Amino acid sequence: LVDVDMEKADIAAMCNLPERGHVGDILSAQRDIHEVLEAGPGGIQIAPGVWAPEHEIPFTERSQQRLLKQIHSLGRHADIVLIDTGSGASATARHLWTAATEVTVVTTPDSVSVMDSYATIKRIVSIGADPAMIHVVVNRADVAEATEVFQRIRQSCLRFLGKETGFLGFVPRDDGVVAAAQLGEPLVLAAPEADTAKAYQDIAAALVTAGAAVRTSSTPAIA
């Protein structure tokens, strides 16, 4: 799991990991990605995001290509490389969208969030990125809301972009998610029988199944 959210890099903090290396060290060529990886909960490996975003981090073409090359090097050591690019459309995010085998867009039933998600997919397509599939996950929703949101996004993408999208699933509203994050333990480990934990597990299983058809010997990066 690689945290490339330059505005809210909080994955390491939510997993109660120490403040050591981060993605900024890779961009600045101070460390390679294997030097910043931390052992996270449940056996996952985490490359933390930038701890102090006020520090100057180079975002040159060369630094971004270095980051991309480093991420690709993980393909020999991981089944799936999952990249969190956050909600922005930074130059780094655009590089990763272009290189990704699959892209997952997370939205909520809120109208603004749905419009932002469609705008993100439109941006992905407009820059020439061509992932094998763009997936949609609907957060904080029930099954009826999630189905309606996905159909709205899918129909807009087909009509205006000529792009098919896939539905990975939805996550129900659950205050336990916030509580688990504050404790530094993922909900799927803290309360595996909870409906929300099961929803996460279902989404993960669907992601693995969907990716199996397009996975090659190269890094299956998913932004």
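Model, not experiment: these values are computed from the prediction.
For the pair Val105 and Ile134, the minimum side-chain heavy-atom distance is below 4.5 Å. The shortest side-chain heavy-atom distance between Ile121 and Thr165 falls under the 4.5 Å cut-off. For the pair Lys122 and Val125, the minimum side-chain heavy-atom distance is 4.5 Å or more. Side-chain contact between Arg94 and Ile124 is absent, with no heavy-atom pair separated by less than 4.5 Å. Counting heavy atoms from C-beta on, the side chains of Ile83 and Val81 come closer than 4.5 Å. Residues Ile46 and Cys15 have side chains in contact (heavy-atom distance under 4.5 Å, counting atoms from C-beta outward). Residues Glu35 and Gln30 fail the side-chain proximity criterion, which asks for heavy atoms closer than 4.5 Å. For the pair Glu7 and Asp5, the minimum side-chain heavy-atom distance is below 4.5 Å.
Of the charged side-chain nitrogens involved, at least one lies within less than 4.0 Å of a carboxylate oxygen, so that Arg173 and Glu145 count as a salt-bridged pair.
Met14 and Val177 sit in two unconnected hydrophobic clusters of ILVMFWY residues. Membership requires side-chain heavy atoms under 4.5 Å apart, directly or through other members. Phe59 and Leu67 fall within the same hydrophobic cluster, defined by Ile, Leu, Val, Met, Phe, Trp and Tyr side-chain heavy atoms under 4.5 Å apart, directly or through other members. Hydrophobic cluster membership differs between Val106 and Met115, with clusters built from Ile, Leu, Val, Met, Phe, Trp and Tyr side chains linked at under 4.5 angstrom.
The two residues Glu164 and Met133 make their nearest non-hydrogen contact at O-SD, 3.9 Å. Shown here for Ala99 and His72, the closest heavy-atom pair between the two residues is CB-NE2, 4.3 Å. Among all heavy-atom pairs drawn from Ile153 and Ser117, the shortest one is CD1-CB, 4.2 Å. For the pair Pro18 and Glu38, the tightest heavy-atom approach, listed with the atom from each and the gap, is CG-OE1, 4.1 Å. Residues Ile33 and Ala47 come closest through the heavy atom pair CG1-CB, 4.3 Å. What you find for Ser113 and Thr108 is that their closest heavy atoms are OG-N, 3.1 Å.
Under the 3.5 Å distance criterion, the side-chain polar atoms of Asp84 are left unmatched by any main-chain donor or acceptor of Val4. Remark: side-chain polar atoms of Ser63 are not paired, donor with acceptor, to backbone N or O of Ser28 under 3.5 angstrom. Checked by atom type and distance alone, the side chain of Gln70 never pairs as donor or acceptor with a backbone atom of Asp32 at under 3.5 Å. Arg154 contributes no side-chain N or O that, together with a main-chain N or O of Gly166, makes up a donor-acceptor pair within less than 3.5 Å. Remark: the backbone N or O of Ala206 is not paired with any side-chain donor or acceptor of Thr209 at under 3.5 angstrom.
A distance of 7.5 Å separates CZ of Phe170 from OG1 of Thr147, quoted to the nearest 0.5 Å. Between the CD atom of Gln155 and the CZ atom of Phe150 there is a distance of 9.5 Å, given to the nearest 0.5 Å. Remark: Asp79 CG to Ile44 CD1 distance equals 13.0 Å, nearest 0.5 Å. Interatomic distance, NE2 of His22 versus CD of Glu19, reported as 9.0 Å (0.5 Å rounding).
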query = Given the rule in the side-chain contact (heavy atoms from CB on, under 4.5 Å) test, do Leu27 and Arg66 qualify, once you have shown the distances and angles that lead to the verdict?
reply = CA-CA 7 Å; Leu27 285 164; Arg66 172 182 166 78; over 6 Å; no
ask   = Taking it one step at a time, do Val23 and Thr92 satisfy side-chain contact (heavy atoms from CB on, under 4.5 Å)?
value = CA-CA 11 Å; Val23 164; Thr92 302; over 6 Å; no
ask   = Would Ile71 and Leu96 count as a side-chain contact (heavy atoms from CB on, under 4.5 Å) if you check the C-alpha gap in whole Å, the side-chain angles of each, and the deciding distance to 0.1 Å?
value = CA-CA 10 Å; Ile71 290 174; Leu96 294 169; 3.8 Å; yes
message = I'd like to know whether Ile80 forms a side-chain contact (heavy atoms from CB on, under 4.5 Å) with Glu102, so could you lay out the CA-CA distance, the side-chain angles of the two residues, the decisive distance to 0.1 Å, and finally the verdict.
response = CA-CA 11 Å; Ile80 291 177; Glu102 301 166 71; over 6 Å; no
Could you give the side-chain donor-acceptor pairs of residues 179-204 under 3.5 Å, partners two or more places apart or in another chain?
residue: Thr196; atom: OG1; partner: Asp174; partner atom: OD2; Å: 2.8

For residues 156-163, which side-chain N or O atoms pair as donor and acceptor with protein atoms under 3.5 Å away, sequence neighbours left out?
residue: Ser156; atom: OG; partner: Arg152; partner atom: O; Å: 3.1
residue: Lys163; atom: NZ; partner: Asp130; partner atom: OD1; Å: 3.4
residue: Lys163; atom: NZ; partner: Pro131; partner atom: O; Å: 3.3

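Not counting sequence neighbours, Arg140 has no partner by the salt bridge (charged side-chain N to carboxylate O under 4.0 Å, His left out) test.
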